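Predicted model, so just to flag it, every value in this text is computed and none were measured. The analysis underlying the following values was restricted to heavy atoms, covering all of them including side chains, and did not include hydrogens, waters or symmetry mates. Chain A is the first sequence line, chain B the second, and so forth, proteins listed ahead of strands; every chain is numbered from 1.
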There are 4 protein chains.
Amino acid sequence: MKAVIIDGGFGLENLQFADRPDPEPGPGQVLLRMKAASLNFRDLLTVRGLYNPRQPLPLIPCSDGVGEVIGLGDGVTRLAAGDRVCPIFAQDWLAGTPHRDQVRSTLGGPLDGTLAELMVVNAESVVKVPAYLTDEEAAALPCAAVTAWTALVTEGEIQAGDTVLVQGTGGVSLFALLIARLHGARVIITSSSDDKLVRAKDLGASDGINYVSEPEWGKIARQLTDKVGVDHVVEVGGAATLDQSLRAIRVGGRISIIGVLSGVQATIPLTAILMSNVRLQGILVGHRASFEALCRALAQASARPVIDSTFALADVRAAFEHMAAGAHFGKICIRIDQQSQ
Amino acid sequence: MKAVIIDGGFGLENLQFADRPDPEPGPGQVLLRMKAASLNFRDLLTVRGLYNPRQPLPLIPCSDGVGEVIGLGDGVTRLAAGDRVCPIFAQDWLAGTPHRDQVRSTLGGPLDGTLAELMVVNAESVVKVPAYLTDEEAAALPCAAVTAWTALVTEGEIQAGDTVLVQGTGGVSLFALLIARLHGARVIITSSSDDKLVRAKDLGASDGINYVSEPEWGKIARQLTDKVGVDHVVEVGGAATLDQSLRAIRVGGRISIIGVLSGVQATIPLTAILMSNVRLQGILVGHRASFEALCRALAQASARPVIDSTFALADVRAAFEHMAAGAHFGKICIRIDQQSQ
Amino acid sequence: MKAVIIDGGFGLENLQFADRPDPEPGPGQVLLRMKAASLNFRDLLTVRGLYNPRQPLPLIPCSDGVGEVIGLGDGVTRLAAGDRVCPIFAQDWLAGTPHRDQVRSTLGGPLDGTLAELMVVNAESVVKVPAYLTDEEAAALPCAAVTAWTALVTEGEIQAGDTVLVQGTGGVSLFALLIARLHGARVIITSSSDDKLVRAKDLGASDGINYVSEPEWGKIARQLTDKVGVDHVVEVGGAATLDQSLRAIRVGGRISIIGVLSGVQATIPLTAILMSNVRLQGILVGHRASFEALCRALAQASARPVIDSTFALADVRAAFEHMAAGAHFGKICIRIDQQSQ
Amino acid sequence: MKAVIIDGGFGLENLQFADRPDPEPGPGQVLLRMKAASLNFRDLLTVRGLYNPRQPLPLIPCSDGVGEVIGLGDGVTRLAAGDRVCPIFAQDWLAGTPHRDQVRSTLGGPLDGTLAELMVVNAESVVKVPAYLTDEEAAALPCAAVTAWTALVTEGEIQAGDTVLVQGTGGVSLFALLIARLHGARVIITSSSDDKLVRAKDLGASDGINYVSEPEWGKIARQLTDKVGVDHVVEVGGAATLDQSLRAIRVGGRISIIGVLSGVQATIPLTAILMSNVRLQGILVGHRASFEALCRALAQASARPVIDSTFALADVRAAFEHMAAGAHFGKICIRIDQQSQ
């Protein structure tokens, strides 16, 4: 089979194709013929060697993808040939509070990921996806959508009538917008692009704030809630944004720490956390049960992820460069079509 | 002021009008000029002496209503003249787990209720209602809508993608339908009337089951969920329906005990509760914080209660008779207009 | 290997010994040399054919036991040879809300149980037990102790200062007493034996009520809490006791439905559940994560289960008869010593 | 009556005695004859003008105290003359998620506090304290003990078997130690004093770490838990300690942000929060319901706060200087005895 690997060093220039022996499913495992994958910012960091510089190479990158079950190992009853499934991000985290080892069992590093024609995973470590979704849409879910679900639902206990502040229009953010709207919540969204704000409003955001022209966007978000403050912030920025998030949040509100686009070290005003009874919750994607609940919720509403663009597997480097350019709106997907059977 | 009272004995025939001195707000209290009230089945039972036979008379019946603040007692800062508010069902239950005394502080028995031109309540014991609702719609909320919110949200932790089984098309049931839909949940509803099922589907129910033609409706509901079972049942029937509800519920599901239309003594199969890890939760309306959250959720979606009909205060007996007939769909309201200022 | 089986029909007289081929661990599985087992009332019902009359025979009975890992299947990293572990009650329920199939994957029916010299289980389906416990004490945990933990901790969210009403002095009840005391809660216990009440007080119960001489024990329990009512009831009786439990419980309290010693059909006053905001929660033992948490809690306090008596495997019928006699106090255990290696 | 006030400027030198007219309880209020007060670090900051530099003067300082009800305003039924009660820290926060105004209704700034012979508060804004506690012990509870309870119980959902890391031996920390032990949890405590570590072990801590000789105390705490990490950290240090707390915490663990002894601006590694699924929860004392639950838990165990020393009201300045010196172990109390009746 063909696979994309990072080899010989980190960097987009080291993304290359390799021929690998076709894997076979052992007992309890399934063999997937991969249909599509999607990119996350984490994958770009991984390729560049910035996510985990000690990651051994070669590595098949990307955590997200969808495939069809074409082989069953001994004893597998959970799945059948023909099922369309997504491998879960942290392969061993099925439900409940994670153990240390469970949060480390992640695809696309340290484990080989989804950019391959065939993939073998444990039968327990996948989720069946709704039939109405295209392959690209299904491939968009495992990391970004589950992260947004965990932040707002599993940990966030979102209710209709809540107000959610979403930062930017990346993958997690647009899923947060979608999931918040599914639950009857109001969404205030930020972007550096007025055009993207318009598109976000089309998707259901009630308010958009251009954080370039309005550097005090946290204060504005608070004003938009009659000075009460927002109930949830989905914090993807990190160092540069947390301060404004703390201005936006209501007493007793919740900030989900999702990503660190703008820097891993943030100077935070502890008194703001203390005096406002705020909860900061680190969100490391989520477990299989959250992914399953997400699928039920999407299917109930026939909701679809926003797909920015789809690249052929052969153009994987262009796909990563597109992500690096930062102009996308929604998920960047990769179509995987097996060349020879 | 004029008020409706039950006096001289229970029964609709003892509903009568009385002239009472205009009440005045003491410290911490507010005076309300009542605009509208709504009826609950509990009010009918109360008038008939079936809810609490030891209730002293005379009593001003009805727990639900809306009024305008026209007088402020000393020290009131929470409200201002002109605010439109609903008194809360259990006047002393503001948030958290209730104490015994709090759940007994209920309007329409033992405390005088809303069927009066003027009403004095504690400033803490009311909730401001959204401006876009009519008086009748606002008056429909305090008991039935808060009950449905408590069952599905405060206690039920409803999520998008859940399936809710709603029994009948009474006040609580239609609010449960509305609140479930606001949260992206699927609703299966039962009724003895195919016509009402059609109307419920128009309001967003995905499936309707006629429980007369389908006495095994619990089994059917289970089949509608791929035999998994529903996540929540809003149980209003009591003895006659609990058995079917237990057939419909999924392992680990939740049944909210709301009412006892069909009998107060139910023979329940304890093994069904045990073997399916089911939770039965008694729901006694709810606290002020739930009412406030409900109002935010309704306003966010500009959602409106279903009003069956509105009677003039002079026709209060006809209103109760209309409820007793059982043909209504949605809330029965009463318009209260003060005759003389 | 030698195993105890029910064969040729239900009933204690059909409990017999069989020689079975030594099982071998497949991939992901472990082989256990069993050291001890313990009996639950469910096991007695199973042997008598009263738990699930359609259970195919032969069956190795009993869900509870402890063994030493003596063989590892391919790919097992979670355990090592020499580990002392208990198989979990529902073999596939590791954490979170259970799926239907998970709650049915139970040992001692439908799956073969622990009364055998050797046992093969999935490596994921066991819990390491603290070293300070004897084999008999460890074997006492899987069903009864995890049930009590789930009722009071996982579902019950017990806090120091709570009051727990425990019925009788069977396995679950004495674990509930222990777990409640570990959390700083007060325990009121009932029994038909004044002697057992004395022993329960020695174990930390603050109050004992003889339910034979005090048939209104629910009312007495309420009085013992300044008429507020108890926070939790661990309900093991079923039909005969639920009514008194509802008299004992406080507004907003929780009743865990554990067992149905006195009848599977209970007539319950739904209004009592409704008017007191009570929660009835069916408890079907619990998941692996609860078992692990239980072990940590016991070890932290060096707490030990109460062992009533230990029988040799050869005397298994006597052990069941001892349980049937109902005079035990604590767990009845069976020592399993492999005759030939 | 006599009261202690800060007047004419901040600073210990501006603490002085004043004669004030005896207050009288309005409707819904009670008059308390104060018996004792206790100091918190917040009170020292307030006196020095560091807590809220815009606090208008004069101010009666201190949030914590206990008094006897000697007068009842109109309509008060919740209390009776002779009841011994503590005013709650945030006077308007009774239960549930706080509103902005509720967390600002705090004694000892902006509201006048407890260092006075007489005090008038709302009848709803006090908690009855257990009879077995001395006045000084009861006065020690409202801020520090409720904070520890909120952190570990209300928000922290502590369970037996959990491990709690407690920083230092100040008021909140020693209450956290006590409350953790009441719930069957293990406590690791830090201090700069080996002597204080010995005393903390006498109170039930399993391990003590001298953070001066062991600057990598977070790493040591992790090692003490078999490298799993602790379940809870009660973070009182702030900037200087958060980094080590993040080393100590387990995946999915909880850090309660209580105080900022070492600086209000902390540079936190956001990736540590993200990658370990950690929750940081700001704790602003807590509500009345938590205070009541605390009292039940203490009474159940007849547990007593640790009192460092008691000063006469006349020596209030010495009491504050004693706190400023930082050598205390437990609460510093002030005896208030009315001079003339």
Side-chain angles (χ1 to χ4, degrees), chain C residues 95 127-131 141 145-146 148-164 175-188 204-207 224-226 228-232 250 252 286 289-303, chain D residues 95 127-131 141 145-146 148-164 175-188 204-207 224-226 228-232 250 252 286 289-303:
Chain C
V127 166
K128 287 188 212 178
V129 288
L141 302 177
V146 175
W149 182 271
T150 302
L152 292 178
V153 186
T154 315
E155 294 284 351
E157 299 169 304
I158 194 171
Q159 298 180 353
D162 282 358
T163 299
V164 180
F175 279 117
L177 165 56
L178 172 59
I179 290 165
R181 293 299 297 141
L182 285 183
H183 286 86
R186 175 187 178 189
V187 176
I188 301 172
S206 70
D207 306 88
L224 287 171
T225 58
D226 289 332
V228 169
V230 304
D231 299 283
H232 306 261
R250 73 160 164 82
S290 285
F291 196 165
E292 291 170 333
L294 163 74
C295 288
R296 280 196 300 274
L298 293 177
Q300 171 61 23
S302 301
Chain D
V127 166
K128 287 189 212 178
V129 288
L141 302 177
V146 175
W149 183 271
T150 302
L152 292 178
V153 186
T154 314
E155 295 284 350
E157 298 169 305
I158 194 170
Q159 298 180 354
D162 282 357
T163 299
V164 180
F175 278 117
L177 165 57
L178 172 59
I179 290 164
R181 294 300 296 141
L182 285 182
H183 285 85
R186 174 187 178 189
V187 176
I188 301 172
S206 69
D207 306 271
L224 287 171
T225 58
D226 288 332
V228 170
V230 304
D231 299 284
H232 306 260
R250 73 159 164 82
S290 285
F291 196 167
E292 290 170 333
L294 162 74
C295 287
R296 280 196 299 274
L298 294 176
Q300 171 61 23
S302 301

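- Among all heavy-atom pairs drawn from D:Ala160 and C:Ala297, the shortest one is O-CB, 3.2 Å.
- Looking at C:Ala303, there are no atoms closer than 4.5 Å to chain D (heavy atoms on both sides), in backbone or side chain.
- Looking at C:Gln159, both its backbone and its side chain come within 4.5 Å of chain D, counting heavy atoms on both sides.
- Here the CD-OG1 distance, from D:Gln300 to C:Thr163, works out to 6.5 Å after rounding to the nearest 0.5 Å.
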